[in-house]
Amino acid sequence: MADRDGARAETETMLPSRQSLGLLAAATVLAVGTMVPPPAAVTVAGQRALAVFASALVLWLTRPVPYVVSSVLSVALLFALGAVESFDAAATGFTSTLVFFLLLLLLLGDATTSVGLDRRLARRLLTAESTPRRALRSVAGSVLALALVMPSAMARAVTFIPIVKRLAAAFGSGDDGFETGAFLVLGHVNPIASMALMTGGGMALVTSEIIATSVRPITWVDWAVLMLPPTIALYAAATLCASLFAAVDGETTLGATAGAQLEADGEGPAPEADGDEPPSLTRDQRLVGLVLLGAIAGWIAGSFVGIPTVLPAVAAVVALSLPQVGVITADDIAGVNWGIIFLVGAMLSILDALETTGAIVAIVDALARWIPFAALAQWQLVAALLGLAVGIRILFSTGSAAIVVALPIVLELASVFDVNRLYLALTVLLVVGSTTILPFNTTAVLVSMDRGPLSHRDVASFGLVTMVLAVGVAAASWLVYWPLVG
């Protein structure tokens, strides 16, 4: 109760500085958008859809109310203000496969964490005898491997933070750069791993859904072929830069105490005596591992025989929820991050209204009048579109929300100027997913900064490094790799 009262008091203290201003700004934007006569190129319904869109952005950025509340309010306003003809039309985003798929992946990721399979894999993948530089590479490789079964970059960061702390303690208090480099990997590099697979996280899911509806159908295997090599190349380059950025020592040896340090995190099985065999997997860990392997097999097979990607995920969640299994429970479902699910659903609903009313076309026409896109070479045009996407990204605390807002506008502009929309969508994902200028831009960075030695300057500086690396990898993929496999 005391914690709740303290949190409430803190919220009330913050309210006048940002949250009240957010409410006032959202209400002002909505009032102006509904009362002022629309420009000639915009219909009344289109202007009201734009007003709801703008007010929703203000609410999501300032967070005066939870995401669930602001998302439901935005959907209701689409109908109440006449931007759409019915409430069913206002809520179309929540009928998208993406919303259900995201929910299922969050449940599977939580199941991996709840049974301790993530920590077990992390410790198995790390080696005890190594230098700080080798330990950093081991941490990075383990995070990349864990991304195959855990779609949340935040969950992966939380899993590895105690391990990194123990490794740093084992190296001693010397200035070896390991802890700084490791937290750069957990915060900035870790989210990049989520882009390798369609089921790797929210950003990949959102991008694949927009590609499927706006460009062309794309299967799980298609995505892996297109994105796995570029993502691994970007991940490796970012890890190398993290090591150089932090000046990680490559000489000092960790020593024989590392195994005890790793096991002493208190999050897994008790440490074994020297020479003992590690304890076998628990029943729940085996079940979760087998079910996840089955889901991956289903996604691969479904890419060839036409099984919708969501069905293996449904089967996996149902299997882990059976009474005889009991891995996913009602408490797990209640603990899901419903805010991001509702945000994505509401944003899809708003985008559908913007397209139906022609507001998206009006936005594109306005941008084309302000920026001379027609006079630009194609690479300059792509650079301008990426700049627009990055500008939107900096405003948001989640990459998936930024992509939902930016990608449809960018693809609409690309269609006008005959830019390859598939390549552009994948490029936007790579660049947006690798850009973290402010700590709140990515939850994994925020947690890493809070628990590690990173400063605001470190976050912004290395965020620019990963963004430049992403641009380079995307350019190489666009010019060489994607046409080769296209």
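One is the number of the first residue; the rest follow in order along the sequence.
The side-chain heavy atoms of Leu426 and Trp223, taken from C-beta on, include a pair separated by under 4.5 Å. At a threshold of 4.5 Å between non-hydrogen side-chain atoms, the residues Thr97 and Pro308 do not count as touching. The shortest distance between side-chain heavy atoms of Val344 and Glu209 does not fall below 4.5 Å. Side-chain atoms of Leu108 and Leu320, non-hydrogen and from C-beta on, do get closer than 4.5 Å to each other.
Across all their heavy atoms, Val215 and Leu422 have their closest contact at CG1-N, 4.0 Å. Nearest heavy atom pair, residue Asn420 against residue Trp478, reads O-CH2, 4.0 Å. Contact record, Val410 with Val428: CG1-CG2, 4.2 Å, taken as the closest heavy-atom pair. Closest of all the heavy-atom pairs between Ala359 and Leu50 is CB-CG, 3.8 Å. Among all heavy-atom pairs drawn from Ala157 and Asn190, the shortest one is N-ND2, 3.7 Å. Between Ser71 and Trp60, the closest heavy-atom pair is OG-NE1, 3.5 Å.
Taking the six-membered ring for Trp and thresholds of 30 and 60 degrees, His188 and Phe462 have ring planes more than 60 degrees apart, a perpendicular arrangement.
Interatomic distance, Ser208 OG to Met195 CE, rounded to the nearest 0.5 Å: 13.5 Å. To the nearest 0.5 Å, atoms CD (Glu179) and CG (Leu184) are separated by 11.0 Å. A distance of 9.5 Å separates CG of Leu424 from CD of Gln378, quoted to the nearest 0.5 Å. Interatomic distance, CG of Leu197 versus CG of Leu105, reported as 10.5 Å (0.5 Å rounding). The CG atom of Leu469 sits 11.0 Å away from the CG atom of Leu464 when rounded to the nearest 0.5 Å. Atom CD1 of Ile403 and atom CZ of Arg393 lie 8.0 Å apart (nearest 0.5 Å).
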Next item on the list: Start with the C-alpha distance between Thr180 and Leu454, add both sets of side-chain angles, then the distance that settles side-chain contact (heavy atoms from CB on, under 4.5 Å), and finish with yes or no.
Entry: CA-CA 6 Å; Thr180 298; Leu454 303 182; 3.9 Å; yes
Note to self: What verdict does the side-chain contact (heavy atoms from CB on, under 4.5 Å) test give for Tyr67 and Ile341, after you've listed the backbone C-alpha separation in whole Å, the side-chain angles of each residue and the deciding distance to 0.1 Å?
What the structure shows: CA-CA 9 Å; Tyr67 278 153; Ile341 293 174; over 6 Å; no
Note to self: With side-chain contact (heavy atoms from CB on, under 4.5 Å) as the criterion, how do Trp338 and Leu103 come out once you've worked through the C-alpha distance, each side chain's angles and the decisive distance to 0.1 Å?
What the structure shows: CA-CA 8 Å; Trp338 290 100; Leu103 171 61; 3.8 Å; yes
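For the pair Ser434 (side chain) and Val431 (backbone), a donor-acceptor distance under 3.5 Å is absent. A donor-acceptor pair is defined here as one N or O able to donate and one able to accept, closer than 3.5 Å; no such pair exists between the side chain of Ser214 and the backbone of Ile211. In this structure, the side chain of Ser415 engages the main chain of Glu412 through a donor-acceptor pair within 3.5 Å. For Asp110 (side chain) and Leu107 (main-chain N/O), no donor-acceptor pair under 3.5 Å exists by modelled atom type. Proximity of a side-chain donor or acceptor of Ser55 to a complementary backbone N or O of Val29 within less than 3.5 Å is not detected. Panel note: side chain Trp482, backbone Leu226; a donor-acceptor pair is recorded below 3.5 Å. A donor-acceptor pair is defined here as one N or O able to donate and one able to accept, closer than 3.5 Å; such a pair exists between the side chain of Thr466 and the backbone of Gly463.
Every side chain to side chain contact (heavy atoms under 4.5 Å, CB included) that Val115 has, sequence neighbours left out, goes to Leu117, Asp284, Gln285, Val288, Val327. In terms of the ring pair (Phe, Tyr, Trp, His ring centres under 6.0 Å) criterion, Phe100 has no residue partners (sequence neighbours excluded). Residues satisfying the side chain to side chain contact (heavy atoms under 4.5 Å, CB included) test with Ser400, not counting sequence neighbours, are Met203, Val206, Ile340, Thr398. Here Phe94 pairs with Phe342 under the ring pair (Phe, Tyr, Trp, His ring centres under 6.0 Å) rule; sequence neighbours left out.
The 12-atom threshold is not exceeded at CZ of Arg457, counting heavy atoms of other residues, nucleotides or ligands nearer than 6.0 Å.
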Between side-chain atoms of residues 231-246 and protein atoms elsewhere (two or more places apart, or another chain), which donor-acceptor pairs fall under 3.5 Å?
residue: Thr231; atom: OG1; partner: Met227; partner atom: O; Å: 2.7
residue: Tyr235; atom: OH; partner: Ala140; partner atom: O; Å: 2.6
residue: Thr239; atom: OG1; partner: Tyr235; partner atom: O; Å: 2.9

All N/O donor-acceptor pairs, side-chain side in residues 289-307, below 3.5 Å, sequence neighbours left out:
residue: Trp299; atom: NE1; partner: Thr309; partner atom: O; Å: 2.8
residue: Ser303; atom: OG; partner: Trp220; partner atom: N; Å: 3.3
residue: Ser303; atom: OG; partner: Val221; partner atom: N; Å: 3.0
residue: Ser303; atom: OG; partner: Trp299; partner atom: O; Å: 2.9

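Just one residue in the list Leu429, Val432, Leu430 forms a side chain to side chain contact (heavy atoms under 4.5 Å, CB included) with Thr207, and that residue is Leu429. Partner of Leu104 under the side chain to side chain contact (heavy atoms under 4.5 Å, CB included) criterion, chosen from Val318, Val317, Val99: Val317.
If you check the side chains of Asp352 and Ser349, you find no donor sitting under 3.5 Å from an acceptor.
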